[in-house]
Each structure stands twice: as C-alpha cells, then as structure tokens.
Protein chains: 2
Amino acid sequence: MVDAVVAASRALVGVAARSLAGLEEEVTLSQYRALVLLCSRGPQGVAQLADLLGVSPSTATRMVDRLVTKGLARRHRASRDRRCVTVRVSGVGEALVREVTARRRAEIARIVGSMAPGSHESLVRALSEFARAAGEVPDQSWAWGWQ
Amino acid sequence: MVDAVVAASRALVGVAARSLAGLEEEVTLSQYRALVLLCSRGPQGVAQLADLLGVSPSTATRMVDRLVTKGLARRHRASRDRRCVTVRVSGVGEALVREVTARRRAEIARIVGSMAPGSHESLVRALSEFARAAGEVPDQSWAWGWQ
DNA sequence: CCTTGCATAGTACGATCATTGCATAGTACA
DNA sequence: TGTACTATGCAATGATCGTACTATGCAAGG
C-alpha cells in the first residue's frame with residue numbers, strides 16, 4: 001500500500017521538477033519557492049518571507065533583490081509603518097508561476113491519458129498503475145531525476 | 001481528473017521535500033540527486049554521471065569532489081582503461097539515501113493511514129481523497145514549500 | 001616494433017552567480 | 001532612548017560553465 005504511493009510520489013516529483021526546468025526566464029528553486037509563496041499567500045513583509053522560507057532576514061532581503069532585478073517581484077514601502085516593506089509578485093512573476101503550473105498540468109494530463117481507465121480498482125492498483133504509466137519501475141527505489 | 005492528480009502531486013512533492021530537509025549530514029539537492037543516481041544505477045563514470053545529471057563534465061568532477069570530501073562517494077580507477085574513473089556511492093552515502101527514503105515512506109504511511117479505506121473507489125476519488133488527507137487545499141494552486 | 005597522430009576520460013583553473021549567516025548600519029516608530 | 005524592520009558589508013560554500021591540460025588508449029604508418 002505504502003509502496004504504491006511511494007512509487008506515485010517518485011513519478012509526481014519528477015513531473016514537478018521537469019515543469020520547472022527549461023524555463024525561459026531562469027529561476028532557481030529558491031527563487032521559485034519564494035514566488036510561489038508570494039502568489040499563494042499574497043504580499044509579504046521581508047521578515048515574514050524569511051520566516052516562511054526558513055532563512056535569515058538578510059537572505060530574504062537579497063532574495064527579494066534578485067527577484068526585483070528579474071522583474072518578478074516589487075517592493076512597496078508601507079505608508080503606515082515606513083520601516084516595513086511589502087513584497088508583491090509582479091505580473092511577470094505571476095505569469096511564470098502560472099506557466100510552471102500549466103506545464104505540470106499538461107504532463108499530468110498526458111500521463112493520465114495514457115493510463116487504463118480502471119475506475120473500480122482499489123487505491124493500490126490505481127496508484128501502482130499511475131506510477132507505471134509514468135515510466136517508473138516499482139522495484140527501483142530512486143529514479144527521480146528532478147531539477 | 002487531472003485536477004485530482006495535480007492535487008496529489010502537490011502533496012507528494014511536499015512529502016519528498018520534507019524528507020530531504022533537516023538531515024544530519026547536510027546535502028544539497030544536486031548532491032542528493034547525484035547520490036540517488038549512483039544508488040539506482042550503480043557505479044558510473046564521471047562523463048556518464050554528467051550526462052545523467054545534465055551538466056558539463058567539469059561540473060560533475062567538482063560534484064564528485066564534494067561527495068568524496070563528505071565521504072558519500074568514492075573514486076575508483078579502472079584497471080582496464082586507466083583513463084576511466086568509476087564513482088561509487090559509499091556506505092555512508094547509501095545510508096543517507098536510505099534514510100531519506102525511510103522518512104518518505106514513514107510520512108506517506110502516516111498519510112495513507114489517515115485516509116478512509118474506500119478500496120473500490122475510482123482513481124479520481126482515490127487521488128482526491130489522498131490530497132485532502134495530506135492537508136492540501138485543492139483550490140490554492142501552489143503550496144509546495146520544498147527545500 | 002616503434003612512433004606519431006587522433007580520440008577519449010578526467011581533471012585543473014578561472015570566472016560568475018546564488019545562497020546563506022553573522023555582524024552592523026540605517027531608518028522609523030513609541 | 002530603545003525597539004523593530006530592513007538593508008548592507010563581509011565571508012564562506014556551492015553550482016555551473018568554458019577552456020585548457022594531462023593521461024591513456026587506439027590506429028595508421030614508418
């Protein structure tokens with residue numbers, strides 16, 4: 001039972017990784033991670049961002065620097081407390097995250113389309129078949145190949 | 001249908017990322033990726049490793065340097081063709097990969113255990129429920145947080 | 001048989017950029 | 001003044017590439 005899910009996990013991690021590779025605007029994993037947070041949780045302060053990413057504030061500041069340089073995010077000085085800076089994802093940044101998501105959806109759709117229907121199968125059978133359709137060998141435990 | 005798998009994908013990628021974080025011996029994603037390849041495909045030459053990782057030979061050499069320095073891999077000069085160097089994962093490296101896999105298995109087992117049985121459900125229902133059990137919100141599209 | 005030339009495998013070196021933390025400075029609020 | 005938030009200087013590590021170099025093997029020719 002667990003093995004089946006683990007196999008599906010390997011396949012899906014591979015999908016997620018490939019959807020991030022070969023992007024036009026090159027972003028690192030850390031940068032993408034920050035972008036995703038800004039998209040999902042909305043504008044954040046630098047300290048909050050650092051907390052969410054699990055890094056130090058200075059690291060977050062520099063991360064934001066790079067995102068701003070690439071046009072993927074913007075800084076906004078809060079009018080109430082001018083010490084605070086709100087970081088907001090830009091249109092370009094949002095589009096980038098959307099594209100990655102679209103790629104993931106597309107590849108998953110392809111994999112799902114290649115599966116046998118089997119609507120009455122158990123969860124184990126379903127996940128096993130999914131992993132097999134994705135080209136994963138259930139016995140070989142590690143074939144991610146992500147990035 | 002695709003949405004269900006996408007939701008499961010988000011959950012599983014989160015699991016994979018967490019299983020890699022907080023390791024005693026700190027390894028980067030690239031290093032772990034190389035280790036996994038060495039574990040799954042056995043000893044490899046530097047060129048083959050570079051090819052599998054999709055990087056240049058010089059990059060692979062330095063990667064191997066770092067792995068060897070950390071005691072996670074070893075170099076072996078081939079006796080037949082002394083130009084060739086086979087890179088082999090060490091016992092420590094193998095243990096590291098095993099630990100990451102074990103963590104992943106454990107977390108997946110926990111998630112699976114929290115699911116309703118539903119052995120006769122369709123694939124869509126199964127994956128949807130899996131994602132829900134993992135605490136993923138189907139509507140928010142990006143909550144990876146991986147490392 | 002030996003040498004010369006070419007192909008292959010790996011490495012060394014220099015360079016760039018990203019990530020990260022610590023310590024510190026600057027700025028704004030209370 | 002003291003506290004909070006952000007930014008910056010400094011430093012280390014890592015990932016990555018291109019180029020050049022060394023070592024080895026292979027094949028053709030003398």
Side-chain angles (χ1 to χ4, degrees), chain A residues 17 20-23 25-38 43-88 93 96 145-147, chain B residues 17 20-23 25-38 43-88 93 96 145-147:
Chain A
L20 194 50
L23 234 52
E25 175 73 51
E26 296 217 343
V27 287
T28 67
L29 206 54
S30 298
Q31 290 169 9
Y32 182 70
R33 207 178 141 213
L35 273 187
V36 164
L37 283 179
L38 290 177
Q44 301 281 321
V46 175
Q48 295 158 349
L49 201 56
D51 211 51
L52 290 171
L53 293 171
V55 299
S56 67
S58 65
T59 300
T61 292
R62 301 212 143 99
M63 176 77 70
V64 172
D65 286 347
R66 284 182 285 266
L67 291 178
V68 168
T69 299
K70 290 186 175 181
L72 301 174
R74 272 172 296 179
R75 278 189 170 95
H76 297 278
R77 205 101 221 176
S79 49
R80 316 205 166 203
D81 188 337
R82 273 200 290 280
R83 292 172 298 182
C84 300
V85 168
T86 354
V87 184
R88 177 188 297 273
L96 187 145
W146 68 354
Q147 141 46 343
Chain B
L20 195 51
L23 234 53
E25 175 74 51
E26 295 217 344
V27 288
T28 66
L29 206 54
S30 298
Q31 291 169 7
Y32 182 70
R33 206 179 142 214
L35 274 187
V36 165
L37 283 179
L38 291 177
Q44 301 281 319
V46 175
Q48 295 159 348
L49 202 55
D51 212 52
L52 290 171
L53 293 171
V55 299
S56 67
S58 63
T59 300
T61 291
R62 300 212 172 173
M63 176 73 70
V64 173
D65 287 346
R66 284 183 283 264
L67 291 178
V68 169
T69 299
K70 290 186 174 181
L72 301 174
R74 272 171 297 179
R75 278 190 171 92
H76 297 277
R77 205 103 220 173
S79 51
R80 316 206 163 200
D81 189 336
R82 274 200 290 279
R83 293 174 299 181
C84 299
V85 168
T86 25
V87 184
R88 178 188 298 272
L96 187 146
W146 66 356
Q147 180 345 14

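In the text below, chain A, chain B and the rest are named by the order of the sequence lines, each starting its count at 1. What you see is a predicted model, and the numbers here were worked out from it, not measured in a lab.
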A.B. asks: Where each residue is assigned the nucleotide of DNA chain D containing its nearest heavy atom, which of S79(B) and G45(A) is assigned the position nearer the 5′ end?
C.D. replies: G45(A)

A.B. asks: Once salt bridge (Lys or Arg N to Asp or Glu O under 4.0 Å) is applied, what residue pairs with a partner in residues 45-74 of chain B remain, sequence neighbours excluded?
C.D. replies: D65(B)-R75(B)

A.B. asks: Any side-chain donor-acceptor pair under 3.5 Å between T61(A) and S58(A)?
C.D. replies: no

A.B. asks: Would you give the length of the straight line joining atom OG1 of T86(A) to atom CD of Q48(A), rounded to the nearest 0.5 angstrom?
C.D. replies: 9.0 Å

A.B. asks: Measure from CZ on R77(A) to C1' on dA28(C) and round the result to the nearest Å.
C.D. replies: 9 Å

A.B. asks: Can you check the E25(B) CD to dT13(D) C1' distance for me, whole Å?
C.D. replies: 14 Å

A.B. asks: Rounded to whole Å, how long is the line connecting atom CD of E26(A) with atom P of dC17(C)?
C.D. replies: 13 Å

A.B. asks: What closest approach, in Å, do M63(A) and Q31(A) show between heavy atoms, and which atom pair accounts for it?
C.D. replies: SD-CG, 3.7 Å

A.B. asks: Hey, could you give me the CG/CG distance between L38(A) and L72(A), rounded to the nearest 0.5 Å?
C.D. replies: 10.0 Å

A.B. asks: With rounding to the nearest 0.5 angstrom, report the OG to CG distance, S30(A) to L29(B).
C.D. replies: 9.5 Å

A.B. asks: What is the distance, rounded to the nearest whole Å, between atom CD of Q31(B) and atom C1' of dA15(D)?
C.D. replies: 9 Å

A.B. asks: Closest-nucleotide mapping onto DNA chain C: is A78(A) or C84(B) further toward the 5' terminus? I mean the 5' end.
C.D. replies: C84(B)

A.B. asks: For A50(A) and A60(A), work out which heavy atoms get closest and say how close.
C.D. replies: CB-CB, 3.6 Å

A.B. asks: Round to the nearest Å and state the distance from L49(B) atom CG to dA9(C) atom P.
C.D. replies: 14 Å

A.B. asks: Taking only side-chain nitrogens and oxygens of R75(B), does any of them come within less than 4.0 Å of OP1 or OP2 of dT11(C)?
C.D. replies: yes

A.B. asks: Side-chain donor or acceptor of R82(B) under 3.5 Å from a matching atom on the base of dT24(D)?
C.D. replies: no

A.B. asks: Rounded to the nearest Å, what distance is computed from the CG atom of residue L35(B) to the P atom of nucleotide dA15(D)?
C.D. replies: 11 Å

A.B. asks: What is the distance, to the nearest angstrom, from the CG atom on L67(A) to the P atom on dA18(C)?
C.D. replies: 10 Å

A.B. asks: Ignoring backbone atoms, establish whether Q48(A) has a side-chain N or O less than 4.0 Å from OP1 or OP2 of dC5(D).
C.D. replies: no

A.B. asks: Hey, does the side-chain of R83(B) have a donor or acceptor N/O within less than 3.5 Å of a partner on the base of dA23(D)?
C.D. replies: no

A.B. asks: Short of 4.0 Å, heavy atom to strand atom, which residues of residues 50-66 of chain A count as contacting DNA chain D?
C.D. replies: S58(A), T61(A), R62(A)

A.B. asks: How many whole angstroms separate atom CD of Q44(A) from atom P of dT6(D)?
C.D. replies: 11 Å

